[in-house]
Amino acid sequence: MTERSDVFAYFWVKASNCPVEAITAQLQTEPTDVRVLGASRSDDFPKINLWRLLSPIPRGDGFLQDHIDALLARLETCADAVVDLGANCEMGISCVGYYYGTNPGLHLSATLIQRLAALRLAVDFDLYNFAGEDAR
């Protein structure tokens with residue numbers, strides 16, 4: 001069985017009391033995508049504003065920790081704004097990994113953890129391991 005993976009990560013901000021335009025202005029960064037409270041998206045009406053910024057590393061390239069590092073490098077350019085935003089909004093980095101025919105490991109260095117803590121960011125890992133018939 002051939003080993004392969006598909007990984008990506010994104011920074012997110014969730015808030016019911018802060019418009020996505022205000023988040024964009026505070027971070028001085030255009031989001032990759034947004035969901036606006038109450039706006040129709042097919043049959044789904046978001047119950048909260050969601051602002052997302054994808055890692056600049058292409059999806060599927062590198063390791064999850066590389067995506068985290070790249071996002072932190074971007075967010076550290078506006079560190080005070082990120083920390084201030086966290087006082088009124090929920091925010092963090094979500095990491096997603098789909099693994100086929102492999103059992104991967106994950107390493108977060110002490111430095112990477114310190115950088116996350118300095119920005120007061122939560123980290124979420126959604127890891128999916130497919131083997132056998134699921135791995136095709």
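In this chain, numbering begins with 1 at the start of the sequence shown.
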Problem set entry | Nearest heavy atoms of Q65 and L106, plus distance in Å | OE1-CD1, 3.2 Å
Seminar exercise, completed: Residues S16 and N49: closest non-hydrogen pair is O-ND2, 4.2 Å
For this session: Determine whether L108 and F125 make a side-chain contact, defined as any pair of heavy atoms from C-beta on separated by less than 4.5 Å.
Result: yes
Exercise. Would you say F63 has more than 12 foreign heavy atoms packed within less than 6.0 Å of its CZ?
Worked result: no
For this session: Starting at CZ of R52, measure out to CG of D33 and round the result to the nearest 0.5 Å.
Result: 4.0 Å
Problem set entry | Interatomic distance, Y98 atom OH to S5 atom OG [nearest 0.5 angstrom] | 12.5 Å
Exercise. How long is the gap from OH on Y10 to CG on L53, to the nearest 0.5 Å?
Worked result: 12.0 Å
For this session: Give, for atom CG of L119 and atom CG of L75, the distance between the pair rounded to the nearest 0.5 Å.
Result: 6.5 Å
For this session: State, to 0.1 Å, how close L27 and C78 come at their nearest heavy-atom pair, and which atoms those are.
Result: O-SG, 3.8 Å
Exercise. Side chains of L72 and L121: does their closest heavy-atom pair fall under 4.5 Å?
Worked result: yes
Seminar exercise, completed: d(C95 SG, D124 CG) to nearest 0.5 Å is 8.0 Å
Exercise. So F11 and W51, would you call those rings parallel, tilted or perpendicular, with 30° and 60° as cut-offs?
Worked result: perpendicular
For this session: Among L54, I23, V20, T24, find the residue that satisfies the side chain to side chain contact (heavy atoms under 4.5 Å, CB included) test when tested with P31.
Result: T24
For this session: Look up atom CG in L127 and atom CG in N103, then write down how far apart they are to the nearest 0.5 Å.
Result: 11.5 Å
Problem set entry | Partner of I68 under side chain to side chain contact (heavy atoms under 4.5 Å, CB included), chosen from L112, I57, I113 | L112
When the side chains of residues 80-91 are checked against the rest of the protein, which donor-acceptor pairs come out under 3.5 Å, sequence neighbours left out?
none

Problem set entry | Shortest non-hydrogen contact between Y128 and V96, atoms and distance | CE1-CG1, 4.3 Å
Problem set entry | Exercise: identify the closest heavy-atom pair between R115 and E76 | NE-OE2, 2.8 Å
Exercise. How close do N17 and P19 get, heavy atom to heavy atom, and via which atoms?
Worked result: O-CD, 4.1 Å
For this session: Check whether any side-chain N or O of N129 sits under 3.5 Å from a backbone N or O of T102 as a donor-acceptor pair, and report yes or no.
Result: yes
